[in-house]
Amino acid sequence: MIALLVPMFLLVAATGAGVVLAREPRRQALAIAVNGVALSLLFVALRAPDVAYSEIAVGTALVPLMFLSVLVSLKTDRPKS
Amino acid sequence: MTRRMRLVLAALCALMIAPAVVAVIGRMPAFGHHPLPYGDAINRTTVAQRHVTNMVSAVNFDYRAFDTLGEELMLVAAVTGTLVLLRGRRGESLSDRAAQAGERPVCERSEAVTLACRLFFPIIVTFGIYVIMHAQLTPGGGFQGGAIIASGTLLLYLGESYRLWRRLVHSLLFDMMEATGAIVLVLCGLGPMLRGAAFLENVLPLGQTGALICGGIILVENAGVALAVTAGFILLLVEFLEETRATRDGGGS
Amino acid sequence: MNYLPWVTAAWLFAVGIYGVMTSRHYVHLIGCLTVMQSATYIALLSVGYRFGSVAPIFYARSDSTPAVDPVLQAMVLTDIVVGATVTALLLALTLQVHKKRGTVNPERLRPLRP
Amino acid sequence: MIDPAAATLAPLPVAVPLLAGALLLLVGKFLPGRLADALATSAALLTLVIDARLAAQTGQGPLVYWMGHWQPQGGLTLGIALVIGQAQAMLGAFMALLFAASFVFAWGYFEDIRAFFHVLMLILLGALQGFCLTHDLFNLFVWFEVMSVAAFALTAYRLEADPLEGALNFTVTNSIGSFLILGGIALAYSLGNALDFGALAGTLAHRGATDPVAVAAFCMIAIGLLIKGAALPFHFWLADAHAVAPSPVSVIFSGAMVPLALFGLGKIYWDLFEPVPAVQLLMRTLFLALGITTTVIGGLACLRQRHLKRLLAFSTVSHGGILLIGIALSGPVALGGVLLYFIGHGLVKGALFMVAGILLASAGGVDELWLRGRGRPVWPAGILMTLAGVMLGGAPFGLMDSGSRLIGAAAAGRPEKWILMAMVLGTACTGGAVLRGAGRIFLGLGAMAGEEARGPTDEESEKPDRPLWLMMLPTAVLLVAAVGVGMPHADAMVLHAAARFLAWDRSASVGPVGPPLTVGAPQSAHPFMPWLTLALTVLIAAHDLGRSRWPKTWLRATDRVLCSSWFTAIDRTHDGVVGDYVLWILLGTALFSVSSAVALYAG
């Protein structure tokens, strides 16, 4: 069990740091999705399938999608002066 | 304050906080060996008392249903707030009709993409519904399934023309769906009181353990959550995607 | 191993707060907030975990099997909803403020100071 | 005893507003705006009635209500309990009253799509009630979060640049606070393996006696609540948010939400962590010091504002500091003072934000200097503002005054001199600032502006679409209540409620009823204190308004003090950059960790 948990925790720690260090917002959206996958794997390892489900659906699909669409609007948006 | 100075001060704070963190981590109960009387009690008693086999759902929708009530109302508040923020400028009318910004596909779709989306959309929705319906038996539930369905509707956005998508995904419908979900949850609390029971008390027949229909009020609450979450997340998606188009024509205000 | 979960949680929290303080783009700042939040997921679930036990689902097995704590999992579920919805709210605020001020640099967004 | 009919009312203060909000969301699109107003107002009034009934019933001890009828089984708590003592019920009733008043005040103002404003406000009301009544740690967090989310959205409701920025600062800082609370909950659970206050307190009492984990759990939860409760150095978001939110919303924020977060801190302390010696030590020292500093700094910052709502926001910070002092003093007398001060301050501050709203709607601005003399057409508002300012400034009548008397009396035997000085100074500064505003706006005094001219401001206005009397009415009602009309025995009542709240045996989550408690109102050792405060208040206002008349040397002397880097530092630190606010949170956390380490070694 430990052999499975340790790398999971480390993976989550690494991907989380990746989200912060990805200064370029588009890459960060991707990093968030990756972090979401890592988190849900960890949740499975921690025997929390329910939580893993929702993390997959929310953390890897919905949230990064919102980020991307907001970035698109920010790019195409001409601020009114 | 410059970013540099901020970082220096933050480093000083970290130096002061670190020992405390280390001390606390050092004294944490051993990982993986906690005594968990609360959880164990629920694990022991639920199957007998509530005829459901998914403890997490039992906690969410029965033991601690009051938390879930608050959680759903928070979802409603957040979605409402987002709608105020995003629709406020575009105006209600625009977001209920299909977008003004004429027929402009988001990207040139090949037949294959459209086909794949049309193929996968029903599969994903079915899966979401399956996850919702088995909340009381296996992992999953109203929240997970709702999120899955919501992200599934995105395939429509990718696969179909924008206008068709907006016709299918009609905001008003989902507004009402979300409100209905919240109302269902509150009534799950108030309903039993009419029969002299306590707020949120499980007064419905519990059914057969392991059957699809079991757990009494858990089913109803699960349905309410499913409604609220599905509609809420779809609304969020719709509004944000709407924004990517509305802004093309100069935002406006 | 004994300390790893708590170290991970603390690490994520610290990294997130570092990102929040140094961010130059509000969308990036929001991403850092989600990292801080994931620290709370890990802390909660690690408290509820127990070696050699199964998920709290007794569909295929008897409920005398030692299982992990379902209460904390329910709490984390709530927590995830909180995270997603607050993120949406923050993103909407960012969009609007960009329309009004023309920037999303946290350093330059200062209420009542045109 | 509690008659069973009343006992069934227990969950309704939470359920009624939430149901009304959900219904409005469903049908709001098809309702005329006025109808939505009426529905929201009546929902708030119904909540008020229910809370009042509960308060009347729980005089002999709290009402324990198990959600879903999950009574503890075999000594194990499975469900969530609401514990409604007289104290909580009174606060709940007061908050419902404030909401009703602010709904009337906003009548027809938010006649927009789908009555979203009412939906959010009603959800906020339900969340405040739940936060106030619950007896479960995680449930407390849930309602905290619901109230935060609704508040974030309401802050940005005007969709102007400043509200959006204010809402962003508000959201980021408070989200960090809620993460901290969750972390604290995780630590507490790892120690106590329970969430119900009763079950948790039992285990913490003997397990956490000298345990850093217990102290850390308390500190994290406390910091989260202090961020919401706007105590130094976590208060920075408040001035930004309250200054830019629509005035009916600011009424709720300043009058109910911020003080309630501090009361929540008190609940956490008394219900859970009081047995931990180190935490007790922290409360007696660190929190008291924080309260004193908050009171003084908030007052001084308040004097330096020209944006009326921002000025009121800082006065909220200052009075929140006084509440924090009362909580840190933690005895029946202090708690009674806190309850009374909570209600009195909420009423007065609510009325003041309503006056600001009246000026926004009728005079078309909220900048004190710009408004000079422009308030004359709405002179009745001036009378209300003056009355409110006098009460805020420590006039010897009204609920606020009785509350501060009790807190002052409880200070005996503690660093009394400092506490009283801080209370006098903070009260006088805030009252003086308000009176200055009243004189300038409604009498056209104070042509020559002082330090406040440098304060940040903006051009803001609200739709002038409401008859003046409709806005004046709730304002007057709140002030009449604040004067304490019809509440001759307020002191005795709150003291009784406070004694009950503290005497209740928490380790067993079922309230055994002891003999009726009678706590006589203590004689304040300093009967002259209110008069001193009032005199100082008037002096400050007169000094700022009469600048053109005072001798130059005197002005130069005072300005040399007020322009010294110590005072201008206050402006410079409130710079509106969220990164700096987060840094301040970090500094506060460092302060907490160092002092708790000291407390652990001392204890």
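A, B, ... follow the sequence lines: proteins, then strands. Residue 1 opens every chain.
Looking at D:A597, neither its backbone nor its side chain comes within 4.5 Å of chain B, counting heavy atoms on both sides. Within the 4.5 angstrom heavy-atom criterion, no atom of D:V27 approaches chain B. Neither the backbone nor the side chain of D:F152 comes within contact range of chain B, judged by heavy atoms closer than 4.5 Å. With a 4.5 Å cut-off on non-hydrogen atoms, B:L7 does not touch chain D at all. When heavy atoms are compared at a cutoff of 4.5 Å, D:L19 approaches chain B by way of both its backbone and its side chain. For B:A20, the part lying near chain D is the side chain, with the backbone staying farther off; criterion is any non-hydrogen pair under 4.5 Å. Contacts between B:M193 and chain D at a heavy-atom distance below 4.5 Å involve the side chain alone, from C-beta outward. Both the backbone and the side chain of D:L587 come within contact range of chain B, with heavy atoms under 4.5 Å apart. Within the 4.5 angstrom heavy-atom criterion, atoms from both the backbone and the side chain of B:L73 approach chain D. In this structure, chain B has a heavy atom under 4.5 Å from the side chain of D:L164, while its backbone stays farther away. Of the two parts of B:A78, the backbone and the side chain both hold a non-hydrogen atom closer than 4.5 Å to a non-hydrogen atom of chain D. For D:L82, the part sitting under 4.5 Å from any heavy atom of chain B is the side chain, from C-beta outward, and nothing else. In this structure, the portion of D:L12 lying under 4.5 Å from any heavy atom of chain B is its side chain and not its backbone. In this structure, the portion of D:V142 lying under 4.5 Å from any heavy atom of chain B is its side chain and not its backbone. Residue D:L23 touches chain B through both its backbone and its side chain, counting heavy-atom pairs closer than 4.5 Å.
Looking only at distances, a side-chain donor or acceptor of D:Y65 sits under 3.5 Å from a matching main-chain atom of B:F199.
Against chain D, the residues from residues 32-39 of chain B that qualify, each with a non-hydrogen atom under 4.5 angstrom away, are B:P35, B:L36, B:P37, B:Y38, B:G39 in number order. Using a 4.5 Å heavy-atom cut-off against chain D, the contacting residues of residues 46-57 of chain B are B:Q49, B:R50.
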Applying side-chain contact (heavy atoms from CB on, under 4.5 Å) to B:R64 and D:D136, what does each step give before you reach the verdict?
CA-CA 10 Å; B:R64 300 185 64 85; D:D136 179 283; 2.6 Å; yes
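Aromatic pair D:W143/B:F66: centroids less than 6.0 angstrom apart.
For the pair D:L586/B:I17, a side-chain contact is recorded, criterion being any heavy-atom separation below 4.5 Å from C-beta on.
The greatest number of non-hydrogen atom pairs below 4.5 Å with chain D, out of B:N202, B:T80, B:V203, is found for B:T80.
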